[in-house]
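Notes follow once the structure below has been shown.
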Amino acid sequence: MLKGLIGKGHEEFSTMRQQDAFELLLHLFKIITRSQHAPLGDPVSAFKFAMEQRLQCLSCKKVGYRTDIQDNISVPVPVRRIKGVGADMEIDGEGGVVVGKKQDVFESVTIKECLDIFTSDEFIEYTCKACGAKEGARKSGNFVFHAISCH
């Protein structure tokens with residue numbers, strides 16, 4: 001029922017086919033933001049945060065900053081199989097266990113590791129506006145936190 005209300009008038013979400021939960025959330029945010037919500041304001045604003053991007057020229061070492069307001073991010077999740085280990089079971093569509101099919105086993109990943117990868121430095125192709133060099137730049141991103149008042 002909820003998906004039917006959210007997906008009304010949307011080509012993908014108005015069907016009964018399985019959809020990506022993240023895409024559905026972004027669509028829901030868009031619908032809420034476009035609707036009228038006076039006097040309380042936009043409830044999606046509670047999900048907004050700032051990301052700061054830092055670019056440093058590899059030649060002249062000058063630095064530029066840009067801050068973007070976001071309401072979502074897609075973080076990379078490393079996939080590391082545990083070699084030589086596999087489970088000889090599978091869960092069927094009804095929640096039962098079926099023995100005999102080998103499944104890969106993966107290492108656990110923490111959200112901290114995913115966020116560390118997301119915010120780590122990377123080297124990019126870049127033409128510096130200050131010195132004109134085409135040696136590239138070091139790019140990094142960080143979350144910007146502001147004081148939040150709770151009532």
Side-chain angles (χ1 to χ4, degrees), residues 1-87 90-91 93 102-151:
M1 187 169 131
L2 176 65
K3 184 181 169 196
L5 290 171
I6 296 169
K8 188 176 181 180
H10 189 279
E11 184 178 321
E12 289 184 43
F13 298 122
S14 61
T15 68
M16 292 307 295
R17 293 190 321 247
Q18 184 174 345
Q19 302 295 331
D20 183 73
F22 182 64
E23 293 294 328
L24 184 64
L25 178 67
L26 294 179
H27 179 66
L28 178 61
F29 279 2
K30 184 175 15 172
I31 290 172
I32 292 171
T33 300
R34 289 181 179 173
S35 67
Q36 296 178 4
H37 15 259
L40 300 176
D42 182 3
V44 174
S45 64
F47 292 93
K48 294 191 178 190
F49 57 93
M51 288 291 305
E52 179 182 77
Q53 180 187 76
R54 179 182 188 273
L55 282 178
Q56 182 176 23
C57 174
L58 296 176
S59 180
C60 70
K61 307 295 185 212
K62 289 195 176 184
V63 178
Y65 292 91
R66 185 178 88 201
T67 302
D68 298 310
I69 303 300
Q70 306 275 332
D71 62 13
N72 69 81
I73 58 172
S74 293
V75 295
V77 179
V79 177
R80 295 183 295 262
R81 285 184 175 81
I82 300 175
K83 292 183 180 175
V85 178
E90 169 183 333
I91 298 176
K102 191 118 176 147
Q103 295 291 308
D104 290 330
V105 177
F106 300 91
E107 287 183 23
S108 296
V109 178
T110 65
I111 188 69
K112 181 187 180 315
E113 182 181 2
C114 296
L115 292 173
D116 285 346
I117 295 167
F118 180 76
T119 58
S120 65
D121 288 357
E122 63 178 304
F123 294 94
I124 62 169
E125 291 182 16
Y126 178 73
T127 302
C128 182
K129 294 176 185 173
C131 71
K134 297 182 179 185
E135 291 184 31
R138 175 180 288 161
K139 176 182 169 185
S140 62
N142 288 303
F143 294 94
V144 179
F145 296 98
H146 300 283
I148 299 173
S149 64
C150 298
H151 300 283

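These numbers were taken from a predicted model, which means no experiment stands behind them.
A search for side chain to side chain contact (heavy atoms under 4.5 Å, CB included) contacts involving Phe143 returns Phe49, Met51, Ile73, Leu115, Phe118, Thr119, Phe145, not counting sequence neighbours. For Arg80, the salt bridge (charged side-chain N to carboxylate O under 4.0 Å, His left out) partners two or more places apart in sequence, or in a different chain, are Glu107, Glu113. Remark: Asn142 pairs with no residue by the side chain to side chain donor-acceptor pair (under 3.5 Å) rule, at least two apart or across chains. In this structure, Arg54 has no salt bridge (charged side-chain N to carboxylate O under 4.0 Å, His left out) partners at least two apart in sequence or on a different chain. For the salt bridge (charged side-chain N to carboxylate O under 4.0 Å, His left out) test, no residue two or more places apart in sequence or in another chain qualifies with Glu135. Evaluation of the side chain to side chain contact (heavy atoms under 4.5 Å, CB included) rule for Ser108 yields no partner, not counting sequence neighbours. Residues that satisfy the side chain to side chain donor-acceptor pair (under 3.5 Å) test with Asn72, not counting sequence neighbours, are absent from this structure. Applying the ring pair (Phe, Tyr, Trp, His ring centres under 6.0 Å) criterion to Phe29, with sequence neighbours excluded, gives Phe47. By the side chain to side chain donor-acceptor pair (under 3.5 Å) test, Gln53 is found to be paired with no residue, residues two or more places apart in sequence or in another chain being considered.
When all heavy atoms are compared, the tightest approach of Gly132 to Thr127 is O-CG2, 3.9 Å. The two residues Val75 and Cys114 come nearest to each other via the heavy atoms CG2-CB, 4.2 Å.
Looking only at distances, a side-chain donor or acceptor of Ser35 sits under 3.5 Å from a matching main-chain atom of Ile32. Distance alone, capped at 3.5 Å, places no donor-acceptor pair between the Glu52 side chain and the Thr67 backbone.
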Derivation and outcome, side chain to side chain contact (heavy atoms under 4.5 Å, CB included), residues Cys128 and Cys60: CA-CA 8 Å; Cys128 182; Cys60 70; 3.8 Å; yes

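Sorted by first and then second residue, the salt bridge (charged side-chain N to carboxylate O under 4.0 Å, His left out) pairs with a member in residues 116-131 read Lys112-Asp116, Asp121-Arg138; sequence neighbours excluded. Under the ring pair (Phe, Tyr, Trp, His ring centres under 6.0 Å) criterion, no residue pair touches residues 56-80, with sequence neighbours excluded.
The distance from the SG atom of Cys57 to the NZ atom of Lys134 is 12.5 Å, given to the nearest 0.5 Å.
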